[in-house]
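One structure is given here, and the rest of the page talks about it.
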Number of protein chains: 2
Amino acid sequence: MSQDKILQSLIADNLVSAPDSARGRLLREAARLFRDKGYERTTVRDLAAAVGIQSGSLFHHFRTKEEILKAVMVETIRLNTAVMQAAMEAADSNRDKLRALISAELESINGQTGEAMAVLVFEWRSLSEASQVEVLKLRDIYEALWLDVLTALKDEGALVADPFVVRRMLTGALSWTVTWYRPERGGLTREGLTDQVVAMLGLS
Amino acid sequence: MSQDKILQSLIADNLVSAPDSARGRLLREAARLFRDKGYERTTVRDLAAAVGIQSGSLFHHFRTKEEILKAVMVETIRLNTAVMQAAMEAADSNRDKLRALISAELESINGQTGEAMAVLVFEWRSLSEASQVEVLKLRDIYEALWLDVLTALKDEGALVADPFVVRRMLTGALSWTVTWYRPERGGLTREGLTDQVVAMLGLS
DNA sequence: TTACAAACCAAGCGCTTGCTTGGTAATGTT
DNA sequence: AACATTACCAAGCAAGCGCTTGGTTTGTAA
């Protein structure tokens with residue numbers, strides 16, 4: 001299934017909002033602002049101005065500012081989980097599945113959903129505890145994908161280190177690319193970067 | 001040189017403040033609060049209460065709230081650069097030097113200076129641009145330590161991936177341990193974790 | 001004892017924040 | 001055409017923010 005088909009299907013199920021809807025546009029601008037200035041430094045006036053409405057009008061669409069942050073996170077996880085599931089199912093061997101996961105995560109971090117992914121990593125603490133629990137449940141599904149593949153590779157003997165530790169190291173390493181990797185400025189392509197990661201793990 | 005000797009020497013040179021001084025205590029509490037709640041959510045009243053003074057009295061020691069954040073970061077980098085320099089010089093081979101660097105960085109992230117290191121990673125954007133430039137200069141010295149060793153390993157043929165990429169992946173991977181690694185709760189020791197990282201790189 | 005600076009308090013100022021309110025325009029729906 | 005619902009505006013409130021001010025206590029040294 002293509003990435004666009006997946007998005008369409010999620011929109012139809014009301015799991016993520018359409019990019020061209022009022023809600024979708026706000027969430028995209030919110031992700032950008034939250035990443036650039038941080039959640040706390042972004043005011044509801046900033047958010048409203050970014051979509052061309054008054055600050056008070058925001059509260060017709062969302063009850064609180066935090067609800068906007070939560071929506072950004074929830075929709076991003078939903079989309080990426082679906083995309084990664086598809087990418088993985090298309091691969092045969094466990095090595096290829098891992099490669100697909102790494103490549104897909106790099107894409108989600110540095111591609112279209114990059115702003116939202118950065119928010120997911122760096123604005124975690126700004127969520128209320130109740131919301132954290134909620135978002136964490138969605139993350140668990142996502143993480144299970146990784147652990148299944150890594151555990152299989154460990155059983156095959158292709159991996160020496162502990163699957164849990166490897167996944168956590170990869171989470172950090174891949175998330176961190178958002179702070180330095182600039183594919184548009186030439187040099188390393190995303191596939192090239194994926195190669196480097198796989199090589200680092202000794203799996204190439 | 002022992003870790004304590006290094007600290008004493010830095011205090012003597014006025015490069016970091018003594019842990020039992022008024023300034024030192026405030027910076028330690030600030031690091032803890034900034035990590036726990038984030039810089040923006042931490043008020044000057046929180047900071048003052050943590051050391052038992054009135055909020056206004058803070059501004060006798062620091063001109064602005066941001067100056068406190070900057071001080072936390074600067075002193076932490078200074079200390080850790082010195083510690084890592086010493087750890088590295090004690091090792092002979094390049095493999096051992098890299099191992100020493102990894103172990104030392106894990107210690108700095110998860111040990112005494114852990115709170116401050118987390119602040120350094122997650123509160124970066126809360127610094128004014130002027131301060132960012134200043135802190136960045138200090139970081140460059142620190143990063144040069146890593147690149148020297150990784151480049152040497154690449155030349156030896158022990159490393160397949162690009163040194164710059166490896167360092168950046170390691171930065172992310174090691175920083176991220178702050179979010180999950182809990183040495184006190186048994187299981188993995190710091191040396192054990194270092195082993196896992198070295199094994200992941202195929203250098204064990 | 002006196003002199004003086006460093007450390008601190010009590011009070012509050014000016015501003016920004018998230019959010020509310022009461023009403024008006026736009027957009028379907030029948 | 002009549003109504004109902006959604007989307008929005010203009011204005012502003014209460015609370016919390018970083019920081020200032022004028023004055024008092026504490027520490028140090030001659």
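Per chain, numbering begins at 1; letters A, B, ... match sequence-line order.
- Protein atom CG of B:L47 is 13 Å distant from nucleotide atom C1' of D:dC17, rounded to whole Å.
- With rounding to whole Å, B:D46 atom CG is found 13 Å from D:dG18 atom C1'.
- Within 4.0 Å of B:S55, counting heavy atoms only, lies at least one base atom of the nucleic acid.
- Atoms CZ (A:R41) and C1' (C:dT17) sit 14 Å apart, rounded to a whole Å.
- Here A:H61 does not reach the OP1 or OP2 of D:dT6: none of its side-chain N or O atoms lies under 4.0 Å away.
- Figure legend: cation-pi geometry between A:K65 and A:F59 absent, as NZ or CZ is not positioned both under 6.0 Å from the six-membered ring centre and within 45° of its axis.
- Taking atom CZ of residue B:F59 and atom P of nucleotide C:dG12, one finds them 19 Å apart after rounding to whole Å.
- Contact annotation: A:S57 side-chain N/O to D:dA7 OP1/OP2 distance is not under 4.0 Å.
- The separation between B:K65 atom NZ and D:dC17 atom P is 9 Å, rounded to whole Å.
- Distance A:F62 CZ to C:dT20 C1': 18 Å, rounded to the nearest Å.
- Atom CG of A:L58 and atom P of D:dT6 are 18 Å apart (whole Å).
- A sub-4.0 Å separation between OP1 or OP2 of C:dT20 and a side-chain N or O of A:H60 is absent.
- No side-chain heavy atom of B:V44 sits under 4.5 Å from any side-chain heavy atom of B:I68.
- Counting only N and O atoms by type, the side chains of B:R25 and B:S21 include no donor and acceptor under 3.5 Å apart.
- The base of D:dG16 does not come close enough to the side chain of B:R45 for any donor and acceptor atom to sit less than 3.5 Å apart.
- Note on A:R41 versus A:D46: no salt bridge recorded, every NZ/NE/NH1/NH2 to OD/OE distance being 4.0 Å or above.
- The distance between atom CD of B:Q54 and atom C1' of D:dG22, rounded to the nearest whole Å, is 15 Å.
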